[in-house]
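Note: hydrogens, waters and symmetry copies are ignored here, and every other heavy atom, side chains too, is used. Chain A is the first sequence line, chain B the second, and so forth, proteins listed ahead of strands; every chain is numbered from 1.
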There are 2 protein chains.
Amino acid sequence: MQLDKVVSYHKALADTTRLRMLVLLADGERNGLELAEKLGVTPATVTHHAAKLREASLINERREKNTIYFSLNHYFLKNSAAATADFIYRGANARGELNAMDAEQTKIRDSVIRNFMTKEGKLKHIPSQLKKKLIVLEHIVSGLEKGRTYTEKEINEFIKQYHDDFATIRREFIMHQFMFREQERYELNPEELWARWESLA
Amino acid sequence: MQLDKVVSYHKALADTTRLRMLVLLADGERNGLELAEKLGVTPATVTHHAAKLREASLINERREKNTIYFSLNHYFLKNSAAATADFIYRGANARGELNAMDAEQTKIRDSVIRNFMTKEGKLKHIPSQLKKKLIVLEHIVSGLEKGRTYTEKEINEFIKQYHDDFATIRREFIMHQFMFREQERYELNPEELWARWESLA
DNA sequence: ACAAAGATTTAATAACTATCTAATTAGATG
DNA sequence: CATCTAATTAGATAGTTATTAAATCTTTGT
């Protein structure tokens, strides 16, 4: 994780209105007008804050007709915090150690792929350990085109190349921020948003 | 933890210069001029940032002659993060659940004291589990007077009422923010700074 | 296809914050 | 006490951010 990411994560949480917003969302999804009313601010203010929270990947959005529903991104909420301490303490180490870590991660990654994928490139089964699951999901999702939108049917077909349980995997793609859905179409998220095992303890 | 605390914690970390400052301190303690030089800012700027970090209890300060040495407060750095998630998720719950938790905590606290203290009020031994250690330390430190300063000798004598290893316990008092040392004298910190097991996972 | 209603976004402004220079305080030392 | 060193305060400025009023975009009824 680089400096800017850490800063924008903390900036996102460094505001009373935004924190109250997250508390409200902990109850379940809400749209902009509802939030504005409960928070005692104008809808425009909610848009502004939503943008900040989105940049830090702390919320998800779902469009239905002309209203946008916000919800918590539990994954980032839990994991970004630990990343800060990592950043501060690891920052003190020499470059060499970081590179050694990168090498180590590549090794782990390769071994996970080798273990969970057949020679023909099929997924044997979905790993249950989060770390391994993320590696496999990233591997699969890399087969999709950046910037292009897909119908649900297309996505299902694509996933079936790897595994029959396309519903589960499609859901995991969304949950871990590899893709997002908008107006019934699916699209890859920018890579910086992808949930990566490197950021886990 | 209340809203303001959470906000000021994140505000403290929501700035590039302050984060770089913490990274430098991860290497060991530094005074203001050193920090200014390494960061490429004026001493005045360092003072400004130190104030923000101090408010969030992320650093400690020690005066020697006329120079002030800053160091990391490892405890808060590690534990404040988890508190944020707690705040967001717990905030959504009803009051009742919080009170139930308070009751539960009191029960645990009493049982720990009963287990580690003799009938005569001596400490059998220092708990190794952080949670339990904090409970015991808070129990002991409560015997000191707020606002009064103590010499090291006085502190040692006081601790010996409970346990022979006064050196270790004195160090723990500082480490967990129950007390601070200034010009060879010891004094209680305000209670809000005390490291408390309730804030642990 | 058009107007009204509903929901969100843009543009302007007011409040805040990081940074610097200059002046001041506090402690140590000859 | 004069001087040196380190840190803080005050005042000024530039850049950033929270908030709102007005404009834009979406859906729906006619």
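Rounded to whole Å, atom C1' of dT24(D) lies 14 Å from atom CD1 of Ile68(A). When rounded to the nearest whole Å, the span between NZ of Lys52(A) and P of dT9(C) equals 15 Å. The separation between Leu35(A) atom CG and dA7(C) atom P is 13 Å, rounded to whole Å. To the nearest angstrom, P of dG6(C) lies 17 Å from CD of Glu64(A). With rounding to whole Å, Glu37(A) atom CD is found 15 Å from dG6(C) atom P. Straight-line distance from the CZ atom of Arg20(A) to the P atom of dA18(D): 14 Å, rounded to whole Å. For Leu53(A) and dA18(D), the CG to P distance is 10 Å, given to the nearest whole Å. In this entry the distance linking CG of Leu33(B) with C1' of dT5(D) reads 8 Å, nearest Å.
Look at Thr67(A) and you won't find any side-chain N or O under 4.0 angstrom from OP1 or OP2 of dA7(C). The shortest distance between the side-chain N/O atoms of Lys11(B) and the OP1/OP2 oxygens of dT17(C) is below 4.0 Å. Phosphate proximity of dA18(C) to Thr17(B): absent, as no side-chain N or O sits under 4.0 Å from OP1 or OP2. For Thr45(B) and dA18(C), the shortest distance from a side-chain N or O to OP1 or OP2 is not below 4.0 Å. Taking side-chain N and O atoms only, Lys65(B) has a distance below 4.0 Å to OP1 or OP2 of dT29(C). For the OP1/OP2 pair of dA7(D) and a distance below 4.0 Å, the side-chain nitrogens and oxygens of His48(B) include no atom meeting the criterion. Remark: Arg18(B) is in phosphate contact with dA18(C), judged by side-chain N or O atoms under 4.0 Å from OP1 or OP2. Checking the phosphate oxygens (OP1, OP2) of dT9(C), a side-chain nitrogen or oxygen of Thr47(A) falls inside 4.0 Å. One finds a side-chain N or O of Thr42(B) lying less than 4.0 angstrom from the OP1 or OP2 phosphate oxygen of dC20(C).
Around the CZ atom of Arg62(A), the shell of radius 6.0 Å holds more than 12 heavy atoms that belong to other residues, nucleotides or ligands. Within 6.0 Å of NZ on Lys124(A) lie more than 12 heavy atoms contributed by other residues, nucleotides or ligands. In this structure, Asn115(B) places its CG atom where more than 12 heavy-atom neighbours from other residues, nucleotides or ligands lie under 6.0 Å away. Taking a 6.0 Å sphere around CD of Glu37(A), one finds it holds 12 or fewer heavy atoms contributed by other residues, nucleotides or ligands.
Checking dT19(D), dA6(D), dA7(C) against the side-chain heavy atoms of His49(A) singles out dT19(D) as nearest. The side chain of Asn66(A) sits closest to dT27(D) out of dC20(C), dA6(D), dT27(D).
At the heavy-atom level, Val46(B) lies nowhere under 4.0 Å from the strands shown.
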> side chain to side chain donor-acceptor pair (under 3.5 Å) between Tyr186(B) and Glu152(B): does it pass, once the steps are laid out?
Replying inline: CA-CA 7 Å; Tyr186(B) 291 78; Glu152(B) 182 158 308; 2.8 Å; yes
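In terms of position along DNA chain D, the nucleotide closest to Glu34(B) lies nearer the 5' end than the nucleotide closest to the other residue of the pair Asp15(A) and Glu34(B).
Here the two rings, on Phe158(A) and Tyr162(A), have centers that are under 6.0 Å apart.
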